Asks: 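Mind having a look at this structure? Questions to follow.
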Protein chains: 2
Amino acid sequence: MPKVSAAHREARRSQIVEAALQCFIHKGFQRTSMADIIEASGLSAGAIYLHFASKQEIASAAAQSVVGRRVGDIRDRLTQSPLPDPGQFVQLVMTGLATEVHDSRLLVQLWAESFFDPAMSQLVDGVFQRLRAVLVDYLAGWSAAERGLDADAARAWGERAAPAMLSLLQGHILQSAILPSFDTDAYADAVRAVLP
Amino acid sequence: MPKVSAAHREARRSQIVEAALQCFIHKGFQRTSMADIIEASGLSAGAIYLHFASKQEIASAAAQSVVGRRVGDIRDRLTQSPLPDPGQFVQLVMTGLATEVHDSRLLVQLWAESFFDPAMSQLVDGVFQRLRAVLVDYLAGWSAAERGLDADAARAWGERAAPAMLSLLQGHILQSAILPSFDTDAYADAVRAVLP
DNA sequence: GTCTATAGCCGGATAGAC
DNA sequence: GTCTATCCGGCTATAGAC
């Protein structure tokens, strides 16, 4: 059993991952070289390969740290009543999932990577599954409270509308990443315009 | 003035672009090497560099051919009355913009590339601008016809809701690219559930 | 455990024969 | 105009000193 190792190893790993994330933000996943990560981390090549077997493993760990960071928080925030309206809901989830523009850009890159990297693909699928479940619950609860549907009808409507609601979240990610003039409040308002 | 060149040159260029697109679909933008494009095109390295100055230029031309292919069609389809409902609208635009799953995957890659490649960025911005204008027009026309709003109110609502409608299109692209079980009709139904 | 130096490879782009 | 052969640079990962 190692002495300081357990905690120190983890600290070192996250130091590397954090440095990698900075590089990925500024240069993109593929364009980032190991030399970039080495320089940003302040460590040496040998030290890094002691903790990660390959660049791809670093990228995978970095991706997990982005999506896994606060994915548990989302559900917690939604157990509070009264339920937020859909506009607030989007802002709430986005605050928990991708506060910064940088995070949004990383997520879009992650989507693209997932087509060709099985590890990334698995990660993305998992998030989509969990997110979808949360959306159905929220939509069912909201439509029951707001529109007075009975439980079955509310759930059915939630299932039906979930893909569209998912898009409203994904669109927020994409638009905030791409459009320089993106405005969170205006976006929440747009959501309210379609889901009144 | 060249004799056969004008037409033949263009044919050769599109032959290269088409080969590149196949590679990008199967391996991704970055992972595709010039050797891949050379092999897929059936030409040689020298022949290709006679038509394109760099790999990036090929990628740029390929991206343009994906988004520019039928972008003009969209507007035409929307001048027909009666206006489709939002569910049909999404299907209509998607049919014009990205019929195949492959096209969707290329678009997602394009979004990610646009963060780091100015040429791609310009292309994406342009599409978003044009698309947004089309959306405002459609939403204004639809809400006027369906909900009996006067022209000013309809336009105001269209402007307000446009970002959300844009998300419904972007979400279609993303989900069809990522989710193996994606169902276009179910998606159109989800759109109708939120925009009745 | 950590660094430096480097092996080995593969990438994009070009030169020159035909 | 087109192909073959090749250059050079940068990449990832490792070997070996400390």
Side-chain angles (χ1 to χ4, degrees), chain A residues 1-24 26-63 109 112-113 116-120, chain B residues 1-63 109 113 116-120:
Chain A
M1 187 201 294
K3 291 159 294 192
V4 223
S5 284
H8 201 251
R9 254 190 94 83
E10 208 46 49
R12 193 57 59 91
R13 274 179 66 98
S14 75
Q15 174 186 0
I16 294 166
V17 166
E18 210 57 41
L21 279 176
Q22 290 308 313
C23 296
F24 295 158
H26 292 108
K27 296 189 64 173
F29 270 107
Q30 306 279 350
R31 296 170 152 88
T32 294
S33 69
M34 280 306 296
D36 294 325
I37 298 176
I38 289 162
E39 187 183 353
S41 69
L43 297 175
S44 67
I48 288 181
Y49 277 95
L50 203 70
H51 295 273
F52 293 94
S54 68
K55 177 187 167 184
Q56 206 227 31
E57 219 171 80
I58 297 177
S60 200
Q109 289 185 69
E113 284 303 303
F116 311 105
D117 180 336
M120 302 287 193
Chain B
M1 188 201 296
K3 290 160 292 193
V4 221
S5 285
H8 201 252
R9 255 189 92 82
E10 208 48 46
R12 194 54 60 93
R13 274 179 65 97
S14 75
Q15 175 186 358
I16 295 167
V17 166
E18 211 57 41
L21 278 176
Q22 290 308 313
C23 297
F24 295 158
I25 287 169
H26 292 107
K27 296 191 60 173
F29 270 109
Q30 304 280 350
R31 295 170 153 87
T32 294
S33 69
M34 282 305 297
D36 294 325
I37 298 176
I38 289 162
E39 186 183 354
S41 70
L43 297 175
S44 66
I48 287 181
Y49 277 95
L50 204 70
H51 295 274
F52 293 94
S54 66
K55 178 187 166 183
Q56 205 227 29
E57 219 171 79
I58 297 176
S60 198
Q109 288 185 69
E113 283 302 302
F116 311 105
D117 181 335
M120 302 289 193

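Given the structure is predicted, the values throughout are model-derived calculations rather than measurements. In what follows, chains carry the letters A, B, and so on, assigned in the order in which the sequence lines appear, proteins first and then strands, with residues in each chain numbered from 1.
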Asks: Assign each of B:S33 and A:L50 to its nearest nucleotide of DNA chain C by heavy atoms, then name whichever residue's nucleotide is nearer the 5' end.
Replies: A:L50
Asks: How many whole angstroms separate atom CE of A:M34 from atom P of C:dC10?
Replies: 18 Å
Asks: Would you indicate whether the side-chain heavy atoms of B:E113 and B:Q30 approach each other to under 4.5 Å?
Replies: yes
Asks: With a non-hydrogen cut-off below 4.0 angstrom, is A:R31 in contact with a base, only sugar-phosphate, or nothing?
Replies: nothing
Asks: Taking only N and O in the side chain of A:R12, is any of them less than 4.0 Å away from OP1 or OP2 of C:dT2?
Replies: yes
Asks: Would you say that A:L43 contacts A:R12 through its side chain, given a criterion of any heavy-atom pair below 4.5 Å between the two side chains?
Replies: yes
Asks: Can you tell me the distance, in whole Å, between the CD1 atom of B:I38 and the C1' atom of D:dA5?
Replies: 12 Å
Asks: Measure from NE2 on B:H8 to P on D:dG1 and round the result to the nearest Å.
Replies: 9 Å
Asks: To the nearest Å, how far apart are B:I37 CD1 and C:dA13 C1'?
Replies: 13 Å
Asks: Rounded to the nearest Å, what distance is computed from the CD atom of residue A:Q30 to the P atom of nucleotide C:dG12?
Replies: 12 Å
Asks: Counting only side-chain N and O atoms of B:Y49, is one of them less than 4.0 Å from OP1 or OP2 of C:dA13?
Replies: yes
Asks: Would you indicate whether the side-chain heavy atoms of B:I37 and B:M34 approach each other to under 4.5 Å?
Replies: yes
Asks: For the pair made of NZ in B:K55 and P in C:dA13, what is the distance, rounded to whole Å?
Replies: 8 Å
Asks: Applying a 4.0 Å non-hydrogen cut-off, can you work out what A:A45 is touching in the nucleic acid: base, sugar-phosphate, or nothing?
Replies: base
Asks: Can you check the A:F29 CZ to D:dC11 P distance for me, whole Å?
Replies: 18 Å
Asks: What is the distance, to the nearest angstrom, from the CZ atom on B:R13 to the P atom on D:dT2?
Replies: 14 Å
Asks: Would you check if A:V17 and A:H51 make a side-chain contact, meaning some heavy-atom pair closer than 4.5 Å?
Replies: no
